[in-house]
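We name chains A, B, ... by the order of the sequence lines, and we start the count at 1 in each one. These numbers come from the heavy atoms of this one structure, side chains and all, not from hydrogens, waters or symmetry mates. Computed from a predicted structure; not experimentally measured.
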Amino acid sequence: MAAPVKEEYRRIYAAVKAIPRGRVASYGEIAARAGLPRRARLAGRALSEAPDGIGLPWHRIVRADGRIACRSNGMREQERRLRAEGVEVRNGRVRMGAHGLHHDLDRAIWGDPRD
DNA sequence: AACCTGACTCCTC
DNA sequence: GGAGGAGCCAGGT
């Protein structure tokens, strides 16, 4: 028997929750981490339908180019939350090179980009 | 089923 | 860096 579609959402939420504080990831990256390659849009949809009460760090998800994707409200809030955890946001844009995932190794070698 | 839309991404110019 | 277009997948009408 096939699992309900919600299962895909659950995986995406898990991937989002796995993002460390002060770090951001793109929709595509989240989808990939959830075992759903090329489903960036699904990640976006999943987040748009995500209940607020489950402690999901939705603000750590931005577009691949580092820009905040939210069309309607939430954009301001996302920016505020990111700054609150040390992520540099400028003109609704995040420095992916500095805060993106898969930079853990670089950070260990070159040091914290925020220094 | 066709058509439209969207918290996406990539390429070209 | 912005504009246009194509590929992408899921939902709503």
* Secondary-structure string, 5' to 3', Watson-Crick or G-U under 3.5 Å, | for another-strand partners, for DNA chain C -> .||||||.|||||
* Structure fact -> All heavy atoms of A/A50 vs all of A/L56, minimum pair found to be CB-CD2, 3.9 Å
Every protein N/O within reach of nucleotides 6-8 of chain C N/O, cut-off under 3.5 Å:
| from | atom 1 | to | atom 2 | distance (Å) |
| --- | --- | --- | --- | --- |
| C/dC8 | O2 | A/R41 | NH1 | 3.3 |

* Asked: When you measure from the side chain of A/R63, which nucleotide among B/dC10, C/dA10, B/dC8 comes out closest?
  -> B/dC8
* Asked: So what does A/L42 touch, heavy atoms closer than 4.0 Å: a base, only the sugar-phosphate, or nothing?
  -> sugar-phosphate
* Using a strict 4.0 Å threshold on nitrogen-to-oxygen distance, state whether A/R33 and A/E29 make a salt bridge. => no
* More than 12 heavy atoms of other groups within 6.0 Å of A/R38 CZ -> no
* List in chain and number order the residues that pass salt bridge (charged side-chain N to carboxylate O under 4.0 Å, His left out) with A/R81, two or more places apart in sequence or in another chain; answer none if no residue qualifies. => A/E77
* **Rounded interatomic separation in angstrom, taking CG from A/N91 and P from C/dG2** => 10 Å
* **Nucleotide B/dT9, atom P - distance to CD of A/E29 in whole Å** => 10 Å
* Please report, rounded to the nearest Å, how far the C1' atom of B/dT9 is from the CZ atom of A/R67. => 13 Å
* To do: Respond yes when some side-chain nitrogen or oxygen of A/S26 is under 4.0 Å from OP1 or OP2 of B/dT9, and no when none is.
  => yes
* Would A/E79 and A/H59 count as having a side-chain donor-acceptor pair, cut-off 3.5 Å? -> no
* Side chain A/R60, main chain A/I19, donor-acceptor under 3.5 Å -> yes
* Grab the CD1-P distance between A/I12 and C/dA10 for me, whole Å please. => 10 Å
* Asked: What nucleotide, of C/dA10, C/dG1, B/dA7, holds the atom closest to the side chain of A/W58?
  -> B/dA7
* Structure fact -> A/R93 has its side chain closest, among C/dA10, C/dG2, C/dG1, to C/dG1
* **Length of the CZ-P vector between A/R45 and B/dG6, whole Å** => 10 Å
* Hey, is the side chain of A/Y9 poking within less than 4.0 Å of OP1 or OP2 on C/dG11, counting only N and O atoms? -> yes
* Expressed in angstrom and rounded to an integer, what is the separation of A/E49 atom CD from B/dG6 atom C1'? -> 12 Å
* **Separation between CG of A/D65 and CZ of A/R93, rounded to the nearest 0.5 Å** => 5.5 Å
* **4.5 Å side-chain heavy-atom contact, A/L36 and A/R11** => yes
* How long is the line joining CD of A/E79 and C1' of B/dA7, in whole Å? -> 16 Å
* To do: Grab the CZ-C1' distance between A/R76 and B/dA7 for me, whole Å please.
  => 18 Å
* Asked: Can you tell me how far CE of A/M75 sits from CD1 of A/I68, rounded to the nearest 0.5 angstrom?
  -> 6.0 Å
